[in-house]
Amino acid sequence: MTENRFDPSTADGRWQRAWDAAGTFTADSNSDKPKSYILEMFPYPSGRIHMGHVRNYTMGDVLARYKKMQGCEVLHPMGWDAFGMPAENAAMEKKVHPGAWTRSNIEAMKAQLKRIGFALDWTREFATCDPEYYGHEQALFLDMYAAGLIDRRSSEVNWDPVDMTVLANEQVIDGKGWRSGAEVEKRKLDQWFLKITDFADELLEGLGELKDWPDKVKLMQENWIGKSSGLEFSFELSNGEKLPVYTTRPDTIFGSSFVAVAADHPVAQALAGDADVAAFIEECKKGGTTAAALETAEKLGYRTPITAKHPFTGEAMPLFIANFVLMDYGTGAVMGVPGHDQRDFEFATKYKLPITRVVAKDVSEADAPMGNEAEAGDGVIVNSDFLDGKTVEDAKADVIARAEAGGWGQGTTVWRLRDWGISRQRYWGTPIPFIHCDTCGIVPVPKDQLPVTLPDDVDFETPGNPLGRHATWKRTTCPKCGGAAEREMDTLDTFTNSSWYFLRFASQPVDAPFDPAEIAKWMPVQHYIGGIEHAILHLLYARFWTRALSSIGKFDVKEPFAALFTQGMVTHETYRVGDGPWLSPAEVRIEGEKAFAIDGGEEVERGRVVKMSKSKKNVVDPDNIIANYGADAVRWFMLSDSPPERDLPWSEAGIEGCYRFVQRLWRLFGQVDSSATGEDKALARKAHQAIVAVAEDIEALSFNKAVARIYELTGAAEKAMPSESRNFAIRAILHMIAPMMPHLAEEAHELLGESALIADATWPAHDPAMLVEDEVTIAIQHKGKLRDTITAPKGAPKEDIEALALASEKVQRSIDGADIRKVIVVPDRLVNIVT
RNA sequence: GCGGGUGUGGCGGAAUGGUAGACGCCGGGGACUUAAAAUCCCCUGAUCCUAUAGAUCGUGUGGGUUCGAGUCCCACCACCCGCACCA
């Protein structure tokens, strides 16, 4: 070989074009091969591919190419999650249409993905803002409506009283609107809901089948669904009404010292004639709607003149209106047990209400004083009449049984999961296919009138809902009575777009959302890869849509993703001078431990390594890196070092190391010597072991370990003398790196005289006989510390190993004549001598 | 506030309860070269030391179980992710 360097700037494009021309990665659903559907969470077209995308898609790409080498027919598609707020923000800031902005972003990002050489089936590409896509989504939505899975009710949103617009949680900063700076209020609107709670039990039970999901994600979903059992019962109020409450701790009922209702509870609303009560309810409306905001806000209460009668003691307890009680959970009213619930404790402390101990470690500690926080732990019941001495579990059952027998309450199951509100007061989303008619009420758009498309001529100058302001779009006729009517102006939450896109990838008929026969062939997704930030919402919604569509007979799949993998983020050091503006890596020169601003030469503080973000300016653009080092070096970096579920710190030194390795491999591939003869058993054994180990590592998505093994085998092959074994090892390395560094692999494959694409090659075969070693190294410990190691034949009897261990001079010196009390021998591994 | 996770050399990390630090990066020394780049070789957890040897310490902190703990148990600390209208 004369040319000694691999040149990605020519090779990358050449092989990308070759794959395109051959249709190498176009999935054939009629193939006889076993099917494998590999999917990464599709991107939002924000404008540029970032390193997080590169990492995510590289992992999926390695899996897809590997599965193909193992003989599978692989479906590995790509598309665009194209609706969302940033497009409307761009419209306001840059005066471009959200659609035009989105389309040009897609074009730019697609070109970027192509330059990285991903093995994607681009014939199935779509964007969720395509009317063909969202029209089918509208049809599915109407099917769910017909099946009773959708309803409409009032719900709270963040309201900006200055801009007169609904704000997303993200747009509420410290309780204030992000543009106006006005104090945000809660406001009620009529909105559409998907009845995900109808599937709460199924979604919980279904987690059990997901063997290849991370336990942590399943646990998070389980807690999110939040199945709890408890007691629902009614207090008799002093005004003659009954107040239903729900509690998960009926065992602590004797510790109850107050009752509280939510500010929007009917009991509170009925008192709103009083100016003080009205003012308090108004006060409760302040602030945003997030759980974090509600739970960290100061606990506020208003003591009403009403009292509630304790069901056992008959005591009259004060009734409060409280800001920490949620109308959405349980019945919107709670019994307050300050001794054993932290929120109740804080509330009781503030309003000087009795705090009674009713659970103790032991009966003898019934009178132990309470500390400065609630005790939510387990124990026995005390100070509770007939419950005294019972365990928490027994007491719960006893109280529920007595309530049911007495007819004043019953044991119930309550879910933390709430129905999914899908109405958004925005333009750039799927129009909700309903019509509001004064005569007929709410009428679904007939399916033959779908898709309901977005109008193009909209203005974003004034805040609020652009569809509502449009001159003509909302005007239509009622499908029922033919009279004048208005279209629904809200659009669907973008999470609905990502709840079924994986089904559309599997088949794309024109006249239907999907083809059930194709779904049967490809689903479930064999490997789904994406960020941990989607652990709950997106994944739960996608599971829900799959089950909901399955329940109405669309297909026969219950769980969409057989295996899930959540990858870590790509991080980078941060740079700034004092409290000044952040500097990007490109604006900084590193010298040893120190860093200096290129512009001005000032010393720059090297800050923490955090997720790459625009706000910290610690971003590295994949395009520049690919231009400098080629796609394969970047791909290799993404797979090296950090375990894929952890964060990956980007560094210039690291990518340079990867580039050097690309060149090292290139030189090695040039050293296949067809005239070489003879066997190099040690090297051959290493190669066979690596073939098995790398395959196992890829299947476990432990790419960092696969990379380490390839480094080891490469080092051994470089040092070895020419032989047939060495040629075998080099070719094995070539095939093993093919899924990871496909451009280099194709170029070397061609150089070795192969005419076919290595992308179509099969994974190298191994000889099982070559996997076992004949000798093992055994560690000898004394007093728990390593004293010596010995070499012994594999599988040697315990007695022989013990004798060898005791014969060691170093071991004898350490024992120093002491009595040997015990010798533990772990075959082929270790001897531990206890004196 | 609630739920989930992570913590090992200068850095990223490896390690079925069994030799802690594989592999990579950084750094140091050397070879090659007129020189540089590239490449190759050696060293590289800390401390002590009579120094090719040996000893002690060492996996966030404090306890515990075990012949043996990075790994299991208990308590704590720090950081990260999510919290339902960001995607």
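A note on names: the letters A, B, ... follow the listed sequences, proteins ahead of strands, and every chain is numbered from 1.
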Using atom CE of A:Met220 as one end and atom P of B:rC80 as the other, report the distance to the nearest whole Å. 16 Å
Return whichever of A:Asp81 or A:Trp224 has its heavy-atom-nearest nucleotide of RNA chain B closer to the 5' end. A:Trp224
Pairwise C1' distance for B:rU16 and B:rG68, with rounding to whole Å: 15 Å
Please give the nucleotide sitting opposite B:rC85 as a Watson-Crick or G-U wobble pair, both distances under 3.5 Å, or none. none
Determine whether a donor-acceptor pair (one donor, one acceptor, N or O, separation below 3.5 Å) exists between the side chain of A:Gln191 and the base of B:rC85. yes
Can you tell me if A:Asn704 touches the phosphate of B:rC23, counting only side-chain N or O atoms and a distance under 4.0 Å to OP1 or OP2? no
Gap in Å between the two C1' atoms, one belonging to B:rC32 and one to B:rC42, rounded: 15 Å
Answer yes or no: does a side-chain N or O of A:Ser651 lie under 4.0 Å from OP1 or OP2 of B:rC25? no
Base B:rC85 paired with A:Gln171 side chain (donor-acceptor, <3.5 Å): no
Where the side chain of A:Met85 is defined as all heavy atoms beyond and including C-beta, which of B:rA38, B:rC86, B:rU39 is the nearest nucleotide? B:rC86
Need one value for A:Ser640: base, sugar-phosphate or nothing, where a base atom within 4.0 Å counts as base even if backbone is also close, heavy atoms only. nothing
Sticking with atom P, work out how far B:rG21 lies from B:rA84, rounded to a whole angstrom. 47 Å
If you look at every strand shown and take non-hydrogen atoms under 4.0 Å, does A:Arg646 touch a base, only sugar-phosphate, or nothing? sugar-phosphate
Using a heavy-atom cut-off of 4.0 Å across all strands, would you classify A:Leu219 as base, sugar-phosphate, or nothing? sugar-phosphate
Which is true for A:Ser46 with a 4.0 Å heavy-atom rule: it touches a base, it touches only sugar-phosphate, or it touches nothing? nothing
Could you state the NE2-C1' distance from A:His50 to B:rC86, rounded to the nearest angstrom? 13 Å
Any N or O donor-acceptor pair under 3.5 Å from the base of B:rC85 to the side chain of A:Arg426? yes
If the P atom of B:rA87 is compared with that of B:rC80, how far apart are they to the nearest Å? 24 Å
Tell me yes or no: between the side chains of A:Asp493 and A:Trp420, is some donor less than 3.5 Å from an acceptor? yes
So, A:Gln191 and A:Ser154: side-chain donor and acceptor under 3.5 Å apart, yes or no? no
Can you tell me, in whole Å, how much space there is between the C1' of B:rU6 and that of B:rG60? 11 Å
Just checking A:Phe495: base, sugar-phosphate only, or nothing, at a heavy-atom cut-off of under 4.0 Å? base
Reckon A:Pro643 touches a base, only the sugar-phosphate, or nothing at all at heavy-atom distances under 4.0 Å? sugar-phosphate
Whole-Å gap separating C1' (B:rC80) and CE (A:Met569): 7 Å
Considering just the side-chain nitrogens and oxygens of A:Asn223, establish if one lies under 4.0 Å of OP1 or OP2 belonging to B:rC2. no
Is A:Val166 touching bases, backbone alone, or none of the nucleic acid, heavy atoms closer than 4.0 Å? base
Using purine N1 to pyrimidine N3 plus N6-O4 or O6-N4 for Watson-Crick, or N1-O2 and O6-N3 for G-U wobble, each under 3.5 Å, what pairs with B:rG68? none
Does A:Arg418 place a side-chain N or O at less than 4.0 Å from the phosphate oxygens OP1/OP2 of B:rA84? no
Any A:Arg343 side-chain N or O less than 4.0 Å from OP1/OP2 of B:rC2: no
Assign A:Lys783 to base, sugar-phosphate, or nothing according to its heavy-atom contacts below 4.0 angstrom with the strands shown. nothing
Just by distance, do the side chain of A:Thr574 and the backbone of A:Arg608 share a donor-acceptor pair under 3.5 Å? yes
Nearest whole angstrom, please: distance from the C1' of B:rC86 to the NE2 of A:His538. 14 Å
Between A:Lys785 and B:rU19, is there a side-chain N or O to OP1/OP2 distance below 4.0 Å? no
Looking across every strand, which nucleic acid part, if any, lies under 4.0 Å from A:Ala653 by heavy atom: base, sugar-phosphate, or nothing? sugar-phosphate
So CD of A:Glu298 and CZ of A:Phe324: to nearest 0.5 Å the spacing works out to 12.5 Å
Are side-chain N/O atoms of A:Thr290 and A:Asn169 paired as donor and acceptor at under 3.5 Å? no
Steps toward salt bridge (Lys or Arg N to Asp or Glu O under 4.0 Å) verdict (A:Arg606, A:Glu573): CA-CA 7 Å; A:Arg606 296 179 76 169; A:Glu573 237 177 12; 2.9 Å; yes
Is there a side-chain contact between A:Arg608 and the phosphate of B:rC80, meaning an N or O under 4.0 Å from OP1 or OP2? yes
Using whole Å, report how far CD1 of A:Ile536 lies from P of B:rA87. 17 Å
Under the criterion ring pair (Phe, Tyr, Trp, His ring centres under 6.0 Å), which of A:Trp500, A:Phe83, A:Tyr501 is the partner of A:Tyr133? A:Trp500
If pairing requires Watson-Crick or G-U wobble contacts with both distances under 3.5 Å, which nucleotide is the partner of B:rC76? B:rG60
Quick one: label A:Ser642 by what it contacts on the DNA or RNA (base, sugar-phosphate, nothing), any heavy atom closer than 4.0 Å. sugar-phosphate
Could you tell me whether A:Gly531 contacts a base, only the sugar-phosphate backbone, or nothing, with contacts defined as non-hydrogen atoms closer than 4.0 Å? nothing
Would you mind reading off the distance between A:Leu786 atom CG and B:rC67 atom C1', rounded to a whole angstrom? 15 Å
Rounded to whole Å, how long is the line connecting atom NZ of A:Lys186 with atom C1' of B:rC85? 15 Å
Check whether any side-chain nitrogen or oxygen of A:Arg813 sits under 4.0 Å from OP1 or OP2 of B:rA55, and answer yes or no. no
May I ask you to establish whether A:Arg152 and A:Phe193 are in a cation-pi arrangement, using a distance under 6.0 Å from NZ or CZ to the six-membered ring centre and at most 45° from the ring axis? no
Donor-acceptor pair (no angle test) under 3.5 Å: A:Asn832 side chain, B:rC67 base: yes
Of the listed nucleotides (B:rA84, B:rG18, B:rC23), which one gets closest to any side-chain atom of A:Ile824? B:rG18
B:rA55 -> Watson-Crick or G-U wobble partner, both distances under 3.5 Å, gives B:rU47
With a non-hydrogen cut-off below 4.0 angstrom, is A:Leu648 in contact with a base, only sugar-phosphate, or nothing? nothing
Without decimals, in angstroms, what is the distance between A:Asp190 CG and B:rC85 P? 17 Å
Say you draw a straight line from CG of A:Leu39 to CD1 of A:Ile529; how long is it, rounded to the nearest 0.5 Å? 8.5 Å
Do the side-chain N or O atoms of A:Lys822 get closer than 4.0 angstrom to the phosphate oxygens (OP1, OP2) of B:rG68? no
For A:Glu712, report the nucleic acid contact type (base, sugar-phosphate, nothing); a contact means any heavy atom under 4.0 Å. sugar-phosphate
So for A:Asp641 and B:rG12, does any side-chain atom that can act as donor or acceptor lie under 3.5 Å from a complementary atom in the base? yes
Using a 4.0 Å heavy-atom cut-off across all strands, classify A:Lys705 as base, sugar-phosphate, or nothing. sugar-phosphate
If each of A:Val826 and A:Ala708 is mapped to the nucleotide of RNA chain B with the nearest heavy atom, which maps nearer the 5' terminus, i.e. the 5' end? A:Val826
Any-strand Watson-Crick or G-U partner of B:rA38, both distances under 3.5 Å: none
Any-strand Watson-Crick or G-U partner of B:rC25, both distances under 3.5 Å: B:rG10
Looking only at non-hydrogen atoms, find the nearest pair between A:Ala716 and A:Lys686 and report the distance. CB-CD, 3.9 Å
